[in-house]
Amino acid sequence: MIKTEIPVEFWQRHRLVPLGQENGRLTVGVDESTPIEVLEDVRLTLNKDVRPVKMSPEELDDALRRLVLNTDAPSIEEDDDEGSVSLDASSDLMGDAAGAPVVRLINSMFLRAMQTGASDIHIEPFEEDTVVRMRIDGMLHETTRVPRSRHSQIAARLKVMSKLDLAESRRPQDGRLHVHSGDRHIDVRLSSVPTLHGERLVMRLLEKNMELLSLEQVGMLNDTEKSINEILDHPYGLFLVTGPTGSGKTTTLYSVLDKLRSPDCNLITIEDPVEYRVAGVGQIQVNEKIGLTFASGLRSVLRQDPDVLMVGEIRDPETADIAIHAALTGHMVLSTLHTNDAPAAATRLVDLGVPSYLLSSCLVGVLAQRLVRKLCSHCKKESELTKNDTKRLGLREDLAGRTIYEPGGCEKCLQTGYRGRTGVFELMTVEEELASMIARSEDARTLRSAARKHGMFSLMEDAARKVIQGVTSREEAMRVTKAI
């Protein structure tokens, strides 16, 4: 792809892409609907012969994204017309490429985030300049620095798109917007917080219409998947997925939901927000402004004759109480909870006011999880497992000397040595002995000891197995699981 004298907005408007030139002849990517008059305009403007090359709509969209990303950043001397910013909360990155400099700058951020698979964009003002960082595979990477004079314009543009109060910059605000590029649609949750040097903006990106992953695709090993299938065979009960924010709980829960989905099963979810759209599942979006909370929604949904209920998160005593009673009255209830490990889920629910004798009657399993970065398949390097490694990872000493892999660094993985993430899991199946201990309100440490006797693998042990398989590195396994 080459740069030409013709501005990027022309290529965007007419869906053309300059691919290259040879012997004074310009090759241009087109689709089947491109009028010949537009190619004649290009020829006359550049005084070059034009050779059209037909491209599919997907190839053309991808090429146009790269053209926008490679366009020079706007000059800071240019004036922005703040009034020209669209008030629509849905923005087409491709169509807005011809807008004001701040519009092009923000679109470039979103396009780069989509290209690299970033989950979050951080826009952080400091005394000298504004730093833009993106969270890719769970780690923050600085992508660009913007002159400090641009920050108020960036904040204003994003707040207008999110329908936030432009005049208010002294208190935190939360909003949502929607951007799309070609056939890719992204829901964005924006958080604005005042700091010493201006408003700090953090955006969580959620791609709509993503395909559901199977339990194997999220990184679950065969023995764990088999145990989960046995848990899901229960006609009713409470199954929890636990872990910190951003550990992949919702993705795993949807994989479980997908296994339960069938024409003779009524599945309903209550979420904030709805992260995946699933055919055949009734999905409810929480809206606290009108009083539709997890608790009120769950209470109403019980009148809809559900077989399986998924509650996005149990975060208060009322939701916990209704979820427990739903599980006791013949429903399979799936939900998430913020705890560090699987055994702590039981004590957390008791802290929320759930009677221990009721919890012991309905809790069927708890899955704790974390996400580890996967080694880049293009640049990973061979290494050897040492005795010290086996001790740190809780492996048998006779495994010392095994070939494992460590990160390298190449263009495909942004020189990090890692590309993509996978889950590590700790599954606690609530058998009769554990149920009795929960009824007696035993603490998490005692429950962990009992669960280990019944064959529960810890998060570190599951991460260690993935080190042996060459999926991740020993350093990454320790980084993610050492605090547990």
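Computed from heavy atoms alone, side chains included, the values below leave out hydrogens, waters and symmetry copies. For clarity, every value in this text was computed on a predicted model and none was experimentally measured. One-based numbering along the sequence shown.
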Using a strict cut-off of less than 4.0 Å between a Lys/Arg side-chain nitrogen and an Asp/Glu carboxylate oxygen, indicate whether [X] and [Y] qualify as a salt bridge.
X	Y	answer
Arg133	Glu142	no
Arg474	Glu476	no
Arg373	Asp137	no
Arg176	Asp272	yes
Asp341	Arg448	yes
Glu433	Lys453	no
Arg184	Glu207	yes

With [X], which residues qualify under side-chain hydrogen bond (donor to acceptor under 3.5 Å, both in side chains), at least two apart?
X	result
Gln283	Tyr254, Glu271
Lys466	Asp462
Thr429	none
Asn222	none

Original post:
Within a reach of under 6.0 Å around CZ of Arg277, are more than 12 heavy atoms found that belong to other residues, nucleotides or ligands?
Top reply: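 For Arg277, atom CZ is not crowded (no more than 12 foreign heavy atoms under 6.0 Å).
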Identify every side-chain donor-acceptor pair in residues 412-421 under 3.5 Å, counting partners at least two apart or on other chains, and give the distances.
residue	atom	partner	partner atom	Å
Thr416	OG1	Cys413	O	2.6
Thr416	OG1	Tyr418	N	3.2
Thr416	OG1	Tyr418	O	3.1
Tyr418	OH	Ser473	OG	2.6

**OP:** Apply side-chain hydrogen bond (donor to acceptor under 3.5 Å, both in side chains) to Ser227 and Thr224, showing your working.
**Re:** CA-CA 5 Å; Ser227 297; Thr224 307; over 6 Å; no
Which side-chain N or O atoms in residues 349-362 pair as donor and acceptor under 3.5 Å with protein atoms at least two apart or in another chain?
residue	atom	partner	partner atom	Å
Ser356	OG	Ala439	O	3.2
Ser356	OG	Ser441	OG	3.2
Ser360	OG	Ser356	O	3.4
Ser360	OG	Tyr357	O	2.9
Ser361	OG	Tyr357	O	2.9

State the [atom1]-[atom2] distance between [X] and [Y], to the nearest 0.5 angstrom.
X	Y	atom1	atom2	value
Arg370	Asn340	CZ	CG	5.5 Å
Met203	Leu201	CE	CG	6.5 Å
Thr472	Leu371	OG1	CG	11.0 Å

Subject >> Any pair counted as ring-ring contact (aromatic ring centres under 6.0 Å, His included), so long as it reaches residues 137-159, sequence neighbours left out >> reply: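 Those involving residues 137-159 do not exist here.
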Would [X] and [Y] count as having a side-chain donor-acceptor pair, cut-off 3.5 Å?
X	Y	result
Ser449	Thr446	no
Arg112	Gln115	no
Gln369	Thr252	yes
Thr250	Tyr276	no

If you define the side chain from C-beta out and look only at heavy atoms, does anything of [X] sit under 4.5 Å from [Y]?
X	Y	value
Leu334	Val256	yes
Ile468	Leu395	yes
Met109	Leu105	yes
Glu59	Pro57	no

For [range], pull every pair meeting salt bridge (Lys or Arg N to Asp or Glu O under 4.0 Å), keeping only residues two or more places apart or in separate chains.
range	answer
residues 218-232	Asp223-Arg465
residues 283-305	Glu288-Arg315, Arg299-Glu318
residues 244-270	Asp258-Arg261

Subject >> Donor-acceptor pair, side chain of Thr336 and main chain of Gly312, under 3.5 angstrom >> reply: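 Looks like yes, one N/O pair under 3.5 Å.
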Original post:
Going through the distances and angles, do Arg145 and Val132 end up as a side-chain contact (heavy atoms from CB on, under 4.5 Å)?
Top reply: CA-CA 6 Å; Arg145 286 178 178 258; Val132 179; over 6 Å; no
Original post:
Run the side-chain contact (heavy atoms from CB on, under 4.5 Å) check on Asp307 and Leu267 step by step: do they pass?
Top reply: CA-CA 6 Å; Asp307 298 302; Leu267 285 81; over 6 Å; no
Subject >> Evaluation steps, side-chain contact (heavy atoms from CB on, under 4.5 Å), between Thr422 and Val218 >> reply: CA-CA 6 Å; Thr422 190; Val218 299; over 6 Å; no
Let me check something: any side-chain donor-acceptor pairs from residues 185-194 under 3.5 Å, sequence neighbours excluded? List them with distances.
residue	atom	partner	partner atom	Å
His185	ND1	His178	NE2	3.1
Asp187	OD1	His178	ND1	3.2
Ser192	OG	Glu199	OE2	2.9

**OP:** Kindly determine whether Leu367 and Leu427 satisfy side-chain contact (heavy atoms from CB on, under 4.5 Å), including the steps that lead there.
**Re:** CA-CA 4 Å; Leu367 181 74; Leu427 178 63; 3.9 Å; yes
Please list, one pair per line, the donor and acceptor atoms closer than 3.5 Å that link side chains of residues 233-248 to other protein atoms, with sequence neighbours excluded.
residue	atom	partner	partner atom	Å
His234	ND1	Ile231	O	2.8
Thr242	OG1	Thr339	OG1	3.3
Ser247	OG	Pro244	O	2.7

